[in-house]
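The structure appears right after this line, and notes come after that.
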Amino acid sequence: MIPFVDLKAQYASIKTEVNAAIQGVLDSCQFTLGSEVAKFEEEFAAYSGAKLGMGVNTGTSALHLALLAAGIGPGDEVITVPFTFVATVAAIHYTGAKPVLVDIDPRTFTMDPAGLEAAITSRTKAVIPVHLYGQTADMDPILAIARKHKLVVIEDACQAHGAEYKGRRAGSMGDMGCFSFYPGKNLGAYGEGGMVVTDNAEYARTVRMLRDWGAEKKYQHVLKGYNFRLEGLQGAVLRVKLRHLEAWTEARRAAAARYDRALAGSGVPTPEALPHNRHVYHIYAIRTAHRQAWMDALAAQGIQSGIHYPIPVHLLPAYADLGYKAGQFPHSERAANEVLSLPMFPELTAEQTTTVSAALRSLAAGKPAKVG
Ligand SMILES: Cc1ncc(COP(=O)(O)O)c(C=O)c1O
């Protein structure tokens, strides 16, 4: 049996450290925010190349509060992509602004900058490039277009902890960067978690207030805020795990390189990491026109796989009211039909990547991947 992710293997490797950190929080009783969260905020912001970090309860809340801190609200438009997890678009919706979607570059599965420029109107206030699967969007043209049109850039780096674009870290290139610490993420809590990072002290102050009931000081509610605080236990666990993140990221990259080599020449399209990018392989997605058959065949051999994501946001019933139709974002729609995520986690062994690759090679020999 080869799992899609193996959180148990990771816990086994850090059990002593994690258990001690959890015990420390139990002893201090700082269960919400507190000193472990404050230290983690400093450490993770520094890791991401930003000055300030604000821990929140989820990656979704990070996006939501970043948008609010940027002043986004009803009447505004925010541009993002349909080929993402639904949370990116949900966060825009929560502010009362209108999500406007543009297609992806099929090579990288991230925002096509040409589409961005074409979608800008007088109401556009912000853009959210999504660093999908652990590879950053093409940030230089996106930042240049945003600067020209005075748009706020909020990076959805929920899948891209430690990813780099021309030497700059994910989350540090736009005005704010948003991360998720959902358990299966490259840096995952033992529960939920998220963070906004920024160099801008004013955005930081607003996010800090909004996550804690809009209060500047206890019971002095300056803004209409939320209870989006990061828990102390999560801060403590995340501090321990952050110390291992670089080694884990390199292990993911090594596993991806093994897949790349083993699948070369098989006709199975493997993910393309652009040369100036440090891809951190949250997801390793191949493409095939026979996805269900391949998934079933892998499952029959004890190999788990996943789909990220089977339906682009513009075709989800929940967002039908955005008014988009099938066929409007062909690259996103084709990707949603063809992507297949292989097992990917730092502890994945060479034997496991060999087994998965051999299974795929024989599937491709019988039925070529034949993607669009
Ligand atoms: C691209 C993307 N954006 C946003 C989120 C939302 O993060 P969370 O699940 O922590 O709310 C996730 C993860 O689930 C994600 O993958």
Side-chain angles (χ1 to χ4, degrees), residues 4-5 7 37 40 44 48 53-68 78-95 99 101-102 104 108-111 126-137 139 142 153-163 170-171 174 176-197 207 210-211 226-231 234-235 237-238 241 252 279-285 306-314 316 318-319 332 335-336 339 341 344-345:
F4 182 66
V5 288
L7 297 181
V37 168
F40 176 62
F44 188 75
S48 300
M54 289 70 67
V56 292
N57 60 336
T58 63
T60 308
S61 298
L63 289 163
H64 181 185
L65 296 191
L67 287 161
L68 291 179
V78 178
I79 299 175
T80 192
V81 288
F83 193 56
T84 181
F85 183 58
V86 66
T88 317
V89 177
I92 300 168
H93 169 74
Y94 296 158
T95 66
L101 304 177
V102 301
I104 54 166
T108 58
F109 304 108
T110 61
M111 179 179 280
V127 52
I128 307 185
V130 181
H131 304 325
L132 202 76
Y133 296 165
Q135 171 156 240
T136 61
M139 289 304 288
I142 291 172
V153 178
I154 297 172
E155 295 173 65
D156 183 339
C158 287
Q159 302 190 2
H161 317 70
M176 285 175 268
C178 298
F179 291 88
S180 165
F181 306 119
Y182 179 78
K185 295 291 196 258
N186 288 25
L187 180 61
Y190 288 165
E192 305 276 354
M195 193 178 291
V196 181
V197 301
V207 170
L210 287 173
R211 74 171 171 188
Y226 302 82
N227 178 354
F228 285 170
R229 297 175 298 238
L230 181 61
E231 294 186 344
Q234 305 310 338
V237 168
L238 287 163
K241 293 183 89 179
R252 283 177 184 273
H279 195 319
V280 296
Y281 295 100
H282 173 57
I283 299 286
Y284 184 98
I307 304 173
H308 303 86
Y309 297 93
I311 307 173
V313 176
H314 68 291
L316 289 172
Y319 288 95
S332 295
V339 288
S341 312
M344 174 51 73
F345 49 91

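Note that these values count all heavy atoms, side chains included, but never hydrogens, waters or copies made by symmetry. The structure displayed is predicted, hence computed values, not measured ones. One-based numbering, in listed order, for ligands and for the atoms of each.
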When rounded to the nearest 0.5 Å, the distance separating CE of M111 from OG1 of T80 is 5.0 Å
So the atoms of ligand 1 within less than 4.0 Å of a heavy atom of G59 turn out to be 7 (O), 8 (P), 10 (O), 11 (O)
Pair F181 + F44: ring centers closer than 6.0 Å:
yes
With a cut-off of 4.0 Å, which atoms of ligand 1 are near a heavy atom of T60?
6 (C), 7 (O), 8 (P), 11 (O)
Is H282 in contact with ligand 1, taking contact as a heavy-atom separation below 4.0 Å?
no
For ligand 1, which is the ligand I care about here, please tell me if S180 has any N or O atom under 3.5 Å from one of the ligand's N or O atoms.
yes
Pull out every atom of ligand 1 sitting under 4.0 Å from any heavy atom of T88, numbered as shown with elements.
3 (N)
Numbered atoms of ligand 1 (with element) below 4.0 Å of T58, judged on heavy atoms:
10 (O), 11 (O)
May I ask you to identify, for T84, whether its side chain, its backbone, both or neither come under 4.0 Å of ligand 1 on a heavy-atom basis?
side chain
For the side chain of Y133 and the backbone of H308, is there at least one donor-acceptor N/O pair under 3.5 Å apart?
yes
Parallel, tilted or perpendicular, as decided by the 30° and 60° cut-offs, for the rings of F85 and Y309
tilted
Taking every heavy atom of P129 against every heavy atom of I154, the minimum-distance pair comes out as CD-O, 3.3 Å
Heavy-atom nearest neighbour of atom 1 (C) of ligand 1 within options D156, I283, T80:
D156
Identify, by atom number and element, the atoms of ligand 1 in contact range of A87, meaning under 4.0 Å from any of its heavy atoms.
4 (C), 5 (C), 6 (C)
Kindly determine whether L67 and I92 satisfy side chain to side chain contact (heavy atoms under 4.5 Å, CB included), including the steps that lead there.
CA-CA 7 Å; L67 287 161; I92 300 168; 4.0 Å; yes
Relative to the ring of F109, is the ring of F83 parallel (under 30°), tilted (30 to 60°) or perpendicular (over 60°)?
tilted
Taking only heavy atoms of C158, which atoms of ligand 1 are found under 4.0 Å from at least one of them?
2 (C), 3 (N), 4 (C), 5 (C), 12 (C), 15 (C)
Got a donor-acceptor contact below 3.5 angstrom from the K241 side chain to the G188 backbone?
yes
From the options K185, M195, E192, Q159, select the one whose nearest heavy atom is closest to atom 13 (C) of ligand 1.
K185
